[in-house]
Amino acid sequence: MASVGSVTRVLLGKNVLNGGRFVAASNTGLVKFYSAAPAYENIKTEVVGAKKNVGVIQLHRPKALNALCKPLFQELGQAVRAFDADDSIAAIVLTGNEKAFAAGADIKEMQNNTFSDNTKGGFLREWEDVSNCGKPIIAAVNGFALGGGCELAMLCDIIYAGEKAKFGQPEINIGTIPGAGGTQRLPRYVGKSKAMEIVLTGNFIDAHEAEKMGLVSRVFPVEKLLEETIKLAERIGAHSPLVVKMAKKAVNQAYETTLRSGLEFEKQVFYGTFATEDRKEGMTAFVEKRPPNFKNN
Ligand code: CO8
């Protein structure tokens, strides 16, 4: 897979990523400069796209195949919250590298944990930051997405995969079970029989199988994945950010409730769009045969 930096070179003509800080790109004028951006150690962040409205987060512990240690998750949560709060960001892309999206929770870190450590300390509580994000998050998965890595991809709203991606819930091999949604989200994506097979055997599935099962929405050549995912984020970013958030909430409700109450929720959110300026602008623009000018209002 092309790195975040090389895709940025393609998109912006210059690599500006510098250890998690945005550095001034003197003659592009295209890159946002965060003077107080935190210096992350386990992730990299970058703002890309023609409108500088896509936040990219790259998991960056390559030697450990992006194993999801606590400091990584704390940084990931911080970066997601920052992009979520930034009005100029329309959508977030979460990616890893060619070998691994993430090979799971950090086994070395949790090896000696006890039940009471996990319970008292709320082990990996930081994971909730990703699912609490109001903006769309798209996972661009190349290489291994295993255990917590597969669960992290499933926390995202859309999964795109490179053709060499491998998904799995291999926790059973190390005497435990998935703990961040693998037994709950996976059956909702792929159905009970396939989810059982994946969880009980620990077998990996490849990108094309994952697409056939509905876990992944599209598969791309490895080197095209990040570029295509950023394009998708930009496509979403052309719409009203407010209405995108409402749509995301409504779709997510389908996973939380019965059909009857989900339909009621949807209707209320649909009615709610009529309280927005952006709904008015969207329909007016359609009638006037011009592109809409959404204001996030
Ligand atoms: N944790 C820690 N280190 C890891 C992990 C991991 N999950 N995966 C890989 N590594 C490290 C290896 O130890 C190795 O380090 P070193 O060079 O220091 O020995 C390095 O990454 C490279 O790995 P390999 O040499 O093993 O690479 P291979 O290409 O031979 O194999 C595999 C790649 C198949 C991905 C293999 O590394 C593997 O099986 N990894 C473990 C996969 C796994 O079991 N994942 C599930 C972990 S448990 C989990 O995710 C539970 C989540 C629950 C969340 C709960 C929230 C509340």
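When a ligand or atom number is given, it counts from 1 through the structure's own listing order.
- A salt bridge does not link Lys231 with Glu234: every distance from a Lys NZ or Arg NE/NH1/NH2 to an Asp or Glu carboxylate oxygen is 4.0 Å or more.
- Less than 4.0 angstrom separates some heavy atom of Glu151 from each of these atoms of ligand 1: 52 (C), 53 (C).
- For atom 39 (O) of ligand 1, the nearest protein heavy atom lies 4.0 Å away or farther.
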Check against side chain to side chain donor-acceptor pair (under 3.5 Å), Thr258 and Ser261: CA-CA 5 Å; Thr258 61; Ser261 60; 2.9 Å; yes

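- Distance alone, capped at 3.5 Å, is enough to place a donor-acceptor pair between the Lys135 side chain and the Phe83 backbone.
- For ligand 1, the atoms closer than 4.0 angstrom to any heavy atom of Glu171 are 48 (S), 49 (C), 50 (O), 51 (C), 52 (C).
- Protein heavy atoms are found inside the 4.0 Å sphere centred on atom 1 (N) of ligand 1.
- Distance check for atom 26 (O) of ligand 1: every protein heavy atom is found at 4.0 Å or beyond.
- Ligand 1 does not have Gln169 within reach: every non-hydrogen atom of the residue lies 4.0 Å or more from it.
- Taking every heavy atom of Met110 and a limit of under 4.0 angstrom, the matching atoms of ligand 1 come to 48 (S).
- Of all the heavy atoms of Ile174, the ones lying under 4.0 Å from any atom of ligand 1 belong exclusively to the side chain.
- Judged by the shortest distance from any of its heavy atoms, Asn173 lies outside the 4.0 Å radius around the atoms of ligand 1.
- Among protein heavy atoms, the minimum distance from atom 28 (P) of ligand 1 is reached at Lys99 NZ, 4.0 Å.
- Of all the heavy atoms of Ala67, the ones lying under 4.0 Å from any atom of ligand 1 belong exclusively to the side chain.
- The closest side-chain heavy-atom distance from Leu186 to Gln169 is below 4.5 Å.
- For atom 19 (O) of ligand 1, the choice among Gln111, Arg61, Lys108 with the nearest heavy atom turns out to be Lys108.
- Nearest heavy-atom pair, Thr229 versus Ala140, reported as atom, atom and distance to 0.1 Å: OG1-CB, 3.5 Å.
- The two residues Leu68 and Leu152 make their nearest non-hydrogen contact at CD2-CD2, 4.1 Å.
- Residues Gln268 and Glu264 bring a donor and an acceptor atom of their side chains to less than 3.5 Å of each other.
- For the pair Ile205 and Glu209, the tightest heavy-atom approach, listed with the atom from each and the gap, is CA-OE1, 3.7 Å.
- Of the listed residues (Gly148, Gly122, Gly143), the one carrying the non-hydrogen atom nearest atom 50 (O) of ligand 1 is Gly148.
- Of the candidates Cys69, Pro178, Ala103, Ala103 brings a heavy atom nearest to atom 46 (C) of ligand 1.
- Under the 4.0 angstrom criterion for non-hydrogen atoms, Glu109 is not in contact with ligand 1.
- Across Ala79 and Ile43, no two heavy atoms sit closer than the pair CB-CD1, 3.6 Å.
- Using a 4.0 Å threshold on non-hydrogen atoms, atom 36 (C) of ligand 1 does not count as touching the protein.
- Smallest separation of non-hydrogen atoms from Ala207 and Gly162: CB-O, 3.3 Å.
- When the heavy-atom distances from atom 41 (C) of ligand 1 to Thr176, Leu152, Ile107 are ranked, the shortest goes to Ile107.
- From the protein, the heavy atom lying nearest to atom 4 (C) of ligand 1 is Ala64 O, 3.9 Å.
- Of the protein's non-hydrogen atoms, the one nearest atom 53 (C) of ligand 1 is Gly179 N, 3.7 Å.
- Looking at every heavy atom in both residues, Asn296 comes nearest to Leu242 through OD1-N, 3.1 Å.
- Close approach to Pro170 involves these atoms of ligand 1, each under 4.0 Å from a residue heavy atom: 43 (C), 44 (O), 45 (N).
- Contact annotation for atom 30 (O) of ligand 1: protein absent (non-hydrogen atoms, distance under 4.0 Å).
- Atom 13 (O) of ligand 1 is approached by the protein to below 4.0 angstrom, counting heavy atoms only.
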Tell me, with the steps shown, if Phe220 and Tyr160 meet ring pair (Phe, Tyr, Trp, His ring centres under 6.0 Å). CA-CA 8 Å; Phe220 294 98; Tyr160 273 10; 5.1 Å; yes

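- For atom 57 (C) of ligand 1, the closest heavy atom belonging to the protein is Phe123 O, 3.5 Å.
- Using modelled atom types, one finds a donor on one side chain and an acceptor on the other under 3.5 Å when comparing Asp86 with Ser88.
- Atom 23 (O) of ligand 1 has as its closest protein heavy atom Leu65 CD1, 3.6 Å.
- With hydrogens and angles left out, the side-chain atoms of Thr273 and Thr276 include no donor and acceptor closer than 3.5 Å.
- Looking at atom 17 (O) of ligand 1, its nearest protein heavy atom turns out to be Lys63 O, 4.6 Å.
- Between the CG atom of Asn173 and the CD1 atom of Ile107 there is a distance of 9.0 Å, given to the nearest 0.5 Å.
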